[in-house]
Protein chains: 2
Amino acid sequence: MALPSGPVTTSSEAEAVLFDLVDVYDRAYEAAAAELSLSPAQACVLGRLDERRGMGALAEELGCDASNITQIVVRLEALGLVTREPNPRDRRARLVARTPQGDEINHRFATAFTFARTAVGRLSPDEQDQLTALLRKALG
Amino acid sequence: MALPSGPVTTSSEAEAVLFDLVDVYDRAYEAAAAELSLSPAQACVLGRLDERRGMGALAEELGCDASNITQIVVRLEALGLVTREPNPRDRRARLVARTPQGDEINHRFATAFTFARTAVGRLSPDEQDQLTALLRKALG
DNA sequence: CTTGTTTACTTGAGTGAATCAAGGATCATT
DNA sequence: AATGATCCTTGATTCACTCAAGTAAACAAG
């Protein structure tokens, strides 16, 4: 989603700021990925491989079709960032794991994606707690 | 972006909540669009046509290539939600405007996309002001 | 053990977003 | 009238995403 999500009509100021936040966050994420020549989806998957895991687990966590994950992982594999090893316990399944290069790129991505860190860093510890509490309440 | 944006590693709780918010927001936007058989990008463009305007203006506001807008608008036109009239003052340009049907769908979208409204509605007026202030500060 | 079912993943087809390069038409300037 | 910039479209390409079908292996009876 390169195009922003909203606003249709923002009735309250809080809604407008919320929208701004989401927009800036998404763009920052995309930009950080682009710096490493990754698509946002690739960066996302790569970031969820701190431990090796199956394709199905990824699909479920990310809430998308398994075939989508297959494609993304195939591309990450072609880039040398990920391997797909057969699962010795279940020969239907395959375990996806980051390569050392994948670790390196993932680390660089984490460094490049400064938005959340920076935004939170603009707040005092007290304010951070307030924000956390407010957002939790807002999320229901 | 159906796949979530983040987290790589969330160092603070505030960052984690921020990520949650963005994720839920994006998914809600997508779901609301899907209810009306629109893509998120289509809903986005449709929502920015309260006044008729040129393709270029849309592209600039949405930060993407003009040819991308062309495609999206062509599809919206095929759905009968939008018209592209020639600009009498400049025959290179075309003015995009919602049709009555487009207005209707846009309104239904605004109704279906309840996330921001609902989230903010969980907070008292005071809390809403606090949230607005905190997010403004965090956004820098 | 073989039959049938479920599970895990891949493949293929199709849609749409997005970008880039190139082109046509029109405007604006000299 | 010629030049160059502007507005938009077209074409080519990549990728994300979904759905329908298919393969292969696990699993559970009979």
Side-chain angles (χ1 to χ4, degrees), chain A residues 1-5 26-27 29-31 33-46 48 52-79 81-97, chain B residues 1-5 26-27 29-31 33-46 48 52-79 81-97:
Chain A
M1 183 185 320
L3 296 197
S5 304
D26 282 339
R27 287 182 191 280
Y29 192 90
E30 205 174 334
E35 261 182 58
L36 300 167
S37 304
L38 294 178
S39 69
Q42 287 167 352
C44 172
V45 168
L46 199 60
R48 307 218 173 206
R52 78 174 44 180
R53 60 207 304 201
M55 311 282 296
L58 281 169
E60 195 184 358
E61 180 178 345
L62 299 177
C64 70
D65 197 272
S67 60
N68 192 17
I69 298 294
T70 297
Q71 286 187 5
I72 294 167
V73 167
V74 163
R75 284 174 195 133
L76 285 173
E77 198 180 25
L79 294 171
L81 305 180
V82 136
T83 59
R84 273 188 304 174
E85 301 161 10
N87 184 338
R89 312 202 157 201
D90 183 345
R91 280 178 308 178
R92 294 169 298 178
R94 316 186 72 174
L95 291 173
V96 190
Chain B
M1 185 187 321
L3 296 197
S5 304
D26 282 339
R27 289 184 190 277
Y29 192 91
E30 205 173 335
E35 263 183 56
L36 300 168
S37 303
L38 294 178
S39 69
Q42 287 167 354
C44 171
V45 168
L46 200 59
R48 308 219 173 206
R52 80 175 39 182
R53 60 207 304 201
M55 312 282 297
L58 282 168
E60 194 184 359
E61 179 177 346
L62 298 177
C64 71
D65 197 273
S67 62
N68 193 17
I69 298 293
T70 297
Q71 285 187 7
I72 295 168
V73 167
V74 163
R75 283 174 195 134
L76 286 174
E77 198 180 25
L79 294 171
L81 306 180
V82 136
T83 59
R84 272 188 303 175
E85 303 162 7
N87 184 337
R89 312 201 158 201
D90 183 344
R91 280 179 309 179
R92 293 169 300 179
R94 314 183 75 173
L95 291 173
V96 190

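Naming: A, B, ... by sequence-line order, numbering from 1 per chain.
- Taking 4.0 angstrom as the limit, R75(A) places a side-chain polar atom (N or O) nearer than this to OP1 or OP2 of dA16(D).
- The separation between I72(A) atom CD1 and dC15(D) atom C1' is 9 Å, rounded to whole Å.
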**Message:** Please evaluate residues L79(B) and L38(B) with respect to the criterion side-chain contact (heavy atoms from CB on, under 4.5 Å), reporting the C-alpha separation (whole Å), side-chain torsions for both, the decisive distance (0.1 Å), and the verdict.
**Reply:** CA-CA 10 Å; L79(B) 294 171; L38(B) 294 178; 4.2 Å; yes
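- In this model, the phosphate group of dA17(C) is approached by a side-chain N or O of S39(B) to a distance below 4.0 Å at OP1 or OP2.
- Atom CD1 of I69(B) is separated from atom P of dC8(D) by 11 Å (rounded to the nearest Å).
- Counting distance only, with no hydrogens placed and no angle test, the side-chain atoms of R91(B) and the base atoms of dT26(C) include no donor-acceptor pair under 3.5 Å.
- Between Q42(B) and dA17(C) there is a side-chain polar atom (N or O) within less than 4.0 angstrom of OP1 or OP2.
- One can place CG of D65(B) at 14 Å from P of dC7(D), the figure rounded to the nearest angstrom.
- A donor-acceptor contact under 3.5 Å is formed by the side chain of S67(A) with the base of dC19(D).
- Using a 4.5 Å cut-off on side-chain heavy atoms (C-beta onward), I72(B) and L3(A) make contact.
- Distance from the side chain of M55(A) is smallest to dC9(C) among dA16(D), dT19(C), dC9(C).
- Per the geometry, CD belonging to E30(B) stands 11 Å off C1' belonging to dT18(D), to the nearest Å.
- One interatomic measurement links the two molecules: CG of L3(B) to P of dA17(C), which rounds to 17 Å at whole-angstrom precision.
- Using a 4.0 Å heavy-atom distance criterion, D90(A) is classed as a sugar-phosphate-only contact.
- The side chain of R94(B) contributes no N or O atom lying less than 4.0 Å from OP1 or OP2 of dC7(D).
- For the pair R84(B) CZ and dC8(D) C1', the interatomic distance rounds to 9 Å; values are reported in whole Å.
- Proximity of a side-chain donor or acceptor of R84(A) to a complementary backbone N or O of M55(A) within less than 3.5 Å is not detected.
- Note that the OG atom of S5(A) and the CG atom of D26(A) stand 6.0 Å from one another [nearest 0.5 Å].
- Residue Q71(B) places its side chain closer to dA17(C) than to any other of dC17(D), dA5(D), dA17(C).
- Nucleotides of DNA chain D nearest to N68(A) and A93(B) differ in position, and the one nearer the 5' end is that of A93(B).
- Side chains of V45(B) and V82(B) form no contact here, defined as non-hydrogen atoms less than 4.5 Å apart.
- Residue R89(B) places no side-chain N or O under 4.0 Å from the OP1 or OP2 atom of dT26(C).
- When the side-chain nitrogen and oxygen atoms of T70(B) are compared with OP1 and OP2 of dC8(D), none of them lie within a distance under 4.0 Å.
- For L58(B) and dC7(D), the CG to P distance is 13 Å, given to the nearest whole Å.
- Protein atom CG of D26(A) is 15 Å distant from nucleotide atom C1' of dA18(C), rounded to whole Å.
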